Amino acid sequence: MKHNKEFCIVEYAPEEYTKHYIVQALFKLMSAYRYDKINVTDIAEKAGVGRATFYRYFKSKEDVILFYFEHNRKQFVFGQHFLPRCKEDYVKVVTHVLTLFQKNKEPIKLLRKARLEYFYLDYLNKNFIATFESEHPDKNQYAPYLYSGMLYNVSMAWLDRDCKENIHDIAEMIVNAIYFN
């Protein structure tokens with residue numbers, strides 16, 4: 001993926017499109033069938049690719065879900081233009097996270113319906129741990145789990161309410177729970 005900063009255009013390589021089609025195919029199938037009844041052949045056919053193409057990019061349908069989260073994390077990181085320095089900055093970051101979550105609520109609902117929301121929690125844990133190791137190595141080793149657990153639980157409860165409450169209010173609640181200054 002290349003970003004042309006002059007015109008703010010995102011250019012994708014052909015393999016990125018193929019991966020996107022595979023991700024979309026899995027979620028479309030999940031909206032119609034139980035996850036455990038979906039196989040790689042079904043996904044490949046729905047995506048308009050061969051099984052070999054599927055396996056060129058993914059080892060399993062679980063890898064498709066992990067790619068989905070990683071792709072969204074990259075979008076989030078690309079959208080961040082500053083390092084948070086105060087409480088209001090953290091509210092902006094959490095608001096951005098929740099906005100991305102809300103935009104992706106349908107696929108996450110499908111994961112929840114299939115009882116696969118643990119992929120989201122595992123992904124949050126992994127990324128909070130990496131962030132804390134690189135940016136806050138002196139913090140308590142359990143702090144990343146506190147942050148990821150809170151974000152996971154609040155976002156799942158918010159999802160169960162169809163993300164109807166105001167994003168900024170939810171973001172402020174989360175930051176107020178962890179920001180002590």
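The structure displayed is predicted, hence computed values, not measured ones.
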Q | Asp160 and Arg112: CA distance, side-chain angles, deciding distance, salt bridge (Lys or Arg N to Asp or Glu O under 4.0 Å) verdict | A | CA-CA 10 Å; Asp160 290 342; Arg112 191 148 171 91; 2.9 Å; yes

Q: Output, in order, the C-alpha distance, side-chain angles, deciding distance and verdict of ring pair (Phe, Tyr, Trp, His ring centres under 6.0 Å) for Tyr68 and Phe119.
A: CA-CA 11 Å; Tyr68 167 77; Phe119 278 103; over 10 Å; no

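Contact detail for Glu165 and Ile170: the closest heavy-atom pair is CB-CD1, 4.0 Å. Scanning all heavy atoms of the two residues, the minimum distance from Asn166 to Asp169 falls at OD1-N, 3.0 Å. What you find for Arg161 and Ala157 is that their closest heavy atoms are NH1-O, 2.9 Å. Heavy atoms only, all atoms of each residue included: Leu98 and Ala171 are closest at CD1-N, 3.7 Å. Across Ala25 and Ala47, no two heavy atoms sit closer than the pair CB-N, 3.6 Å.
No more than 12 heavy atoms of other residues, nucleotides or ligands sit less than 6.0 Å from atom OH of Tyr33. Counting non-hydrogen atoms of other residues, nucleotides and ligands closer than 6.0 Å to NZ of Lys109 gives a total above 12.
Judged by distance alone, the side chain of Asp63 and the main-chain N or O of Lys59 form a donor-acceptor pair under 3.5 Å. Using a distance-only test at 3.5 Å, with no hydrogens or angles considered, a donor-acceptor pair links the side chain of Gln102 to the main chain of Cys163. Asn72 contributes no side-chain N or O that, together with a main-chain N or O of Phe69, makes up a donor-acceptor pair within less than 3.5 Å. Using modelled atom types, one side-chain atom of Lys105 and one backbone atom of Asp162 make a donor-acceptor pair closer than 3.5 Å.
No continuous path of ILVMFWY side-chain contacts below 4.5 Å connects Ile129 to Leu151, so the two sit in separate hydrophobic clusters. A single hydrophobic cluster is not seen to contain both Leu121 and Tyr145; linkage of ILVMFWY side chains at heavy-atom distances under 4.5 Å, directly or through other members, places them apart.
Proximity of Tyr35 to Arg115: side-chain heavy atoms (C-beta onward) are nowhere separated by under 4.5 Å. Looking only at side-chain heavy atoms (C-beta outward), His71 and Val23 stay at 4.5 Å or farther from each other. At a threshold of 4.5 Å between non-hydrogen side-chain atoms, the residues Phe27 and Glu106 do not count as touching. A 4.5 Å side-chain heavy-atom check between Leu111 and Met30 finds at least one atom pair inside the cut-off.
With rounding to the nearest 0.5 angstrom, the OG1 atom of Thr53 is 12.5 Å from the NZ atom of Lys19. Separation of atoms CG (Leu66) and OG (Ser60) is listed at 7.5 Å; rounding is to 0.5 Å. Here the straight-line distance linking atom CG of Asp138 with atom CZ of Phe132 works out to 10.0 Å at 0.5 Å rounding. A distance of 10.0 Å separates CG in Leu110 from CD1 in Ile65, rounded to the nearest 0.5 Å. Here the straight-line distance linking atom CG of Leu29 with atom CD of Gln24 works out to 11.0 Å at 0.5 Å rounding. Rounding to the nearest 0.5 Å gives a distance of 8.5 Å between CD1 of Ile43 and CD1 of Ile22.
Counting only residues at least two apart or on different chains, the ring pair (Phe, Tyr, Trp, His ring centres under 6.0 Å) pairs with a member in residues 40-66 are Phe54-Phe58, Phe58-Phe67.
His136 pairs by the side-chain hydrogen bond (donor to acceptor under 3.5 Å, both in side chains) definition with nothing, not counting sequence neighbours. Applying the side-chain hydrogen bond (donor to acceptor under 3.5 Å, both in side chains) rule to Ser148 yields the partners Asn125; only residues at least two apart in sequence or on another chain are considered.
Between the side chains of Ser155 and Tyr120, at least one donor N or O sits under 3.5 Å from an acceptor N or O. Between the side chains of His168 and Glu172, a donor-acceptor pair is found at a separation under 3.5 Å.
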